[in-house]
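Reviewing the structure listed below.
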Amino acid sequence: QEHVVESGGGLVQPGGSLRLSCTASGFTLDAYGIGWFRQAPGKEREGISCISSSDGGTYYTESVKGRFTISRDNAKNTVYLQMNSLEPEDTAVYYCAADRSLRCSSGTYYYGASLRFWGQGTQVTVSS
């Protein structure tokens with residue numbers, strides 16, 4: 001069965017780091033753009049980063065620029081989100097999504113009608 005799974009969330013102190021992983025099963029991630037989204041309690045889901053499959057273009061929302069880095073390891077069928085200098089405002093459930101139509105560049109990202117694969121989410125809590 002085709003799906004993606006996130007892992008790597010947890011509780012971390014402000015200023016700390018976490019690395020989230022998004023691993024695909026049943027299909028090859030290298031043909032898909034991958035996006036990371038998050039949703040905090042009482043807030044709408046927001047797209048925070050993504051990476052294209054075609055040219056490796058990346059996107060970061062302003063609030064995470066310089067702190068988060070997205071990368072892919074095609075050999076492991078996994079995309080990572082390295083999160084440094086974490087702040088309490090980063091507390092949320094983090095989701096990855098995959099779709100062939102997802103395109104990412106420095107200023108924006110876009111995709112077709114919907115993103116095909118969504119993970120179940122992983123909780124990130126930044127607190128002292």
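The chain is numbered in sequence order, starting from 1.
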To check you understand the geometry: which heavy-atom pair defines the closest contact between [X] and [Y], and what is its length?
| X | Y | value |
| --- | --- | --- |
| T23 | K76 | CG2-O, 4.3 Å |
| H3 | Q1 | ND1-O, 3.1 Å |
| V93 | Q123 | CG2-OE1, 3.2 Å |

Examine distances only and state if a side-chain atom of [X] and a backbone atom of [Y] form a donor-acceptor pair shorter than 3.5 Å.
| X | Y | result |
| --- | --- | --- |
| E6 | T122 | no |
| D90 | E87 | yes |
| R67 | S85 | yes |
| S49 | Y59 | yes |
| N77 | A24 | yes |
| T91 | V126 | yes |

So how far is it from [X] [atom1] to [Y] [atom2], rounded to the nearest 0.5 Å?
| X | Y | atom1 | atom2 | value |
| --- | --- | --- | --- | --- |
| Y60 | C50 | OH | SG | 9.5 Å |
| R38 | E46 | CZ | CD | 4.5 Å |
| I48 | T61 | CD1 | OG1 | 8.0 Å |
| I34 | L29 | CD1 | CG | 4.0 Å |

Return all side-chain donor-acceptor pairs below 3.5 angstrom for residues 102-117, not counting sequence neighbours, or 'none' if the list is empty.
{"unit_1": "R103", "atom_1": "NH1", "unit_2": "R100", "atom_2": "O", "d": "2.7"}
{"unit_1": "S105", "atom_1": "OG", "unit_2": "T108", "atom_2": "O", "d": "3.4"}
{"unit_1": "R116", "atom_1": "NH2", "unit_2": "E2", "atom_2": "OE1", "d": "3.2"}

**Prompt:** Do D73 and T78 have a side chain donor and acceptor closer than 3.5 Å?
**Reply:**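 Short answer, no.
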**Item:** Residue pair D99 / S101, side-chain donor-acceptor N/O under 3.5 Å
**Value:** yes
**Request:** Over 60° means perpendicular and under 30° means parallel, so classify the ring planes of Y94 and F68, tilted if in between.
**Result:** tilted
**Request:** Begin from the C-alpha positions of M83 and V12 and carry the test side-chain contact (heavy atoms from CB on, under 4.5 Å) through to its verdict.
**Result:** CA-CA 11 Å; M83 306 188 297; V12 64; over 6 Å; no
**Prompt:** Any side-chain heavy atom of P14 sitting closer than 4.5 Å to one from P88?
**Reply:** yes
**Message:** Let's go through W36 and I70 carefully: what are the C-alpha distance in whole Å and the side-chain angles of both, what is the deciding distance for side-chain contact (heavy atoms from CB on, under 4.5 Å) to 0.1 Å, and is it a yes or a no?
**Reply:** CA-CA 9 Å; W36 283 99; I70 192 170; 3.6 Å; yes
**Item:** Path from F37 to I51 over hydrophobic side-chain contacts below 4.5 Å
**Value:**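 F37 and I51: separate clusters.
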